[in-house]
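Side chains included, hydrogens not; waters and symmetry mates left out as well; all remaining heavy atoms used.
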Amino acid sequence: MQKQLGINQIPFVNLKSQHASLKSELLAEIGEVIDEGNFILGEQVAEFERQFAQLCGVRYAIGVNSGTDALIFALKVIGIRSGDEVITVPNSFVASASCIRVLGARPVFVDVGDDYNIDPSQISSVITPKTKAILPVHLTGRPCDMEPILTLAQEKGIAVVEDAAQAVLAEYQGQPVGSFGTVGCFSLHPLKNLNACGDGGVLVTDNPELHDKLKIMRNIGLRSRDDCVLWSHNSRLDTLQAAILLVKLRYLQEWTQRRRENARYYQTQLAGIPQIQMPSERDREKCVYHTFVIQAKRRDELRQFLSDRGIGTAIHYPVPIHLSTAGKELGYAEGSFPVAEMQSHQILSLPIYPELTVAQLEGVCHNIKLFYQYV
């Protein structure tokens, strides 16, 4: 049983608070699915896909059972196979690389910039005849600099698959992320901005042929009940999860605005502390702050100081993928990606969820200032 939070404690995530206000709506939709008894690819899945595609400004969305499967299917549907290379970043969640490796292809990493996203200026130097795709990750809910990426990809005849797992509703030059590449991939994990009550994922595309193939791929290769037209596996988005997501879609714009307001509060209140570097937002970007990641001197001491005062934080992510146990077989070494590695020792994610109160935000800021003796 989860320990009851004290009145002065501020958890890093608080799904209980989100679901408390939605419980009656969620139970009503779940009850309707139970009454209908159509638990696999029910009408709620198709309706969620329709609304999600509209949200992303694309023609099609395909619900699957996880963001990881979304990435795997996206690479598979564009033809990535054993021996190919896919360019991505080493500072993301491991799924961004594992989706490449499980297809027998090789993740080729590029270092990142101050925004934690892929540095477009470094991509061309790692392109080889084996390069078949670029997989930019819109990390923390901040859009990548897509224009130079797309220009280079077009010049080289390389596909772009967007890992937008953390970035639903983020925009680059007024256009939703996920809509730039051949395929965009989103996670609906319980901790994401648009979150299921369990695993879930969704792909988006404007390509009708890819859309039709992806729908077959997510359903064990079945074109119909009695005709399997390709080898695949089961990765359907559950009808129950789609019903839950349809409820949450009603609130996503409001939740996103709250996250952005919370980010601005941090940026205002923590300004002027030289030991902290905070995320900024360029004119061409709309960030959705899946995480609010600062870079902090004496990061581990600060994290412990906050923890001792009941304030939860997280590190996204403490070990770059190329230095993980699995990643070592790729042949990179410490020092291969100095920016990503430096950031991994300083990054700290602060609570950012929409349900935070002003008093809680003030408590986080006050204690950070106290640690650095700015109170």
Side-chain angles (χ1 to χ4, degrees), residues 5 7-26 29 48 51-52 54-57 67 115-116 138-143 164-172 174 176-178 186-197 200 202 244-271 276 278-294 306 310-314 316 347-368:
L5 293 171
I7 190 169
N8 293 320
Q9 289 188 298
I10 304 169
F12 179 68
V13 295
N14 192 352
L15 292 179
K16 285 185 177 181
S17 179
Q18 181 195 74
H19 291 133
S21 62
L22 301 179
K23 189 172 182 179
S24 61
E25 292 179 75
L26 293 171
E29 296 300 325
F48 170 73
Q51 291 191 26
F52 195 86
Q54 185 177 42
L55 192 78
C56 294
D115 60 358
Y116 311 121
H138 304 292
L139 202 65
T140 76
R142 184 172 186 173
Q166 300 181 357
V168 62
L169 284 188
E171 296 178 1
Y172 175 80
V177 301
F186 295 82
S187 172
L188 305 170
H189 183 277
L191 297 182
K192 296 298 189 290
N193 293 20
L194 176 62
N195 53 330
C197 292
V202 59
I244 288 167
L245 289 160
L246 283 169
V247 172
K248 294 188 175 186
L249 271 174
R250 302 168 193 164
Y251 299 94
L252 182 59
Q253 296 282 0
E254 176 187 340
W255 290 342
T256 301
Q257 183 59 29
R258 288 292 302 275
R259 284 178 178 271
R260 288 172 55 77
E261 290 170 0
N262 291 347
R264 284 196 293 271
Y265 186 95
Y266 282 139
Q267 289 162 343
T268 300
Q269 295 298 317
L270 298 177
I276 290 177
M278 286 183 292
S280 59
E281 190 167 336
R282 302 181 182 97
D283 291 340
R284 63 179 180 267
E285 300 172 343
K286 178 184 176 183
C287 307
V288 296
Y289 298 100
H290 168 63
T291 50
F292 187 89
V293 181
I294 63 173
L306 295 175
I311 298 171
T313 59
H316 297 91
I347 51 176
L348 185 67
S349 300
L350 305 180
I352 192 68
Y353 48 92
E355 296 79 17
L356 283 165
T357 65
V358 173
Q360 288 175 316
L361 290 165
E362 196 281 331
V364 175
C365 294
H366 172 78
N367 280 284
I368 292 174

Test item: side-chain donor near acceptor, Asn193 and Gln166, under 3.5 Å: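 Distance-only check fails for Asn193 and Gln166.
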Non-neighbouring partners of [X] that pass side-chain contact (heavy atoms from CB on, under 4.5 Å), sequence neighbours left out:
X: Pro176; result: Ser179
X: Leu191; result: Val13, Leu15, His189
X: Asn367; result: Phe305, Leu306, Arg309, Ile311, Leu370
X: Arg258; result: Glu261, Pro354

Tyr266: partners by ring pair (Phe, Tyr, Trp, His ring centres under 6.0 Å), with sequence neighbours left out: Phe292
Partners meeting ring pair (Phe, Tyr, Trp, His ring centres under 6.0 Å) with Phe12 (sequence neighbours left out):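 Expected list: His316.
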For [X] and [Y], work out which heavy atoms get closest and say how close.
X: Pro279; Y: Val293; value: CD-O, 3.2 Å
X: Gln360; Y: Ile10; value: O-CD1, 3.3 Å
X: Ala167; Y: His138; value: CB-CB, 3.7 Å
X: Lys248; Y: Cys197; value: NZ-SG, 4.2 Å
X: Cys56; Y: Phe186; value: SG-CZ, 3.8 Å
X: Met278; Y: Ala271; value: CE-N, 3.7 Å

Flag, side chain of Ser21 to backbone of Gln18, donor-acceptor distance under 3.5 Å: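 Yes, the answer is positive, given that a donor and an acceptor are paired below the 3.5 Å cut-off.
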Would you indicate whether the side-chain heavy atoms of [Y] and [X] approach each other to under 4.5 Å?
X: Val168; Y: Val288; value: no
X: Trp255; Y: Leu169; value: no
X: Tyr353; Y: Ser17; value: no
X: Thr291; Y: Leu348; value: no
X: Glu355; Y: Asn14; value: no
X: Asp115; Y: Arg282; value: yes
X: Pro143; Y: Cys287; value: yes
X: Ile294; Y: Ile347; value: no

How long is the gap from [atom1] on [X] to [atom2] on [Y], to the nearest 0.5 Å?
X: Arg142; Y: Glu285; atom1: CZ; atom2: CD; result: 4.0 Å
X: Thr357; Y: Asn262; atom1: OG1; atom2: CG; result: 9.5 Å
X: Ser24; Y: Glu29; atom1: OG; atom2: CD; result: 10.5 Å
X: Leu249; Y: Leu194; atom1: CG; atom2: CG; result: 5.0 Å
X: Gln257; Y: Leu252; atom1: CD; atom2: CG; result: 12.0 Å
X: Ile352; Y: Leu350; atom1: CD1; atom2: CG; result: 7.5 Å

Cationic N near anionic O, under 4.0 Å, Glu25 to Arg250: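 Judged by the 4.0 Å cut-off on N to carboxylate O distance, Glu25 and Arg250 do form a salt bridge.
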SB check Arg284 Glu171 (cutoff 4.0 Å): no
Parallel, tilted or perpendicular: rings of Phe48 and Phe52 (30°, 60°):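 Ring orientation, 0 to 90° scale: tilted.
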Criterion salt bridge (Lys or Arg N to Asp or Glu O under 4.0 Å) on Arg260 and Glu281, from CA distance to verdict: CA-CA 11 Å; Arg260 288 172 55 77; Glu281 190 167 336; 2.9 Å; yes
Lys286 vs Tyr172, side chain to side chain contact (heavy atoms under 4.5 Å, CB included): CA-CA, chis, key distance, verdict: CA-CA 7 Å; Lys286 178 184 176 183; Tyr172 175 80; over 6 Å; no
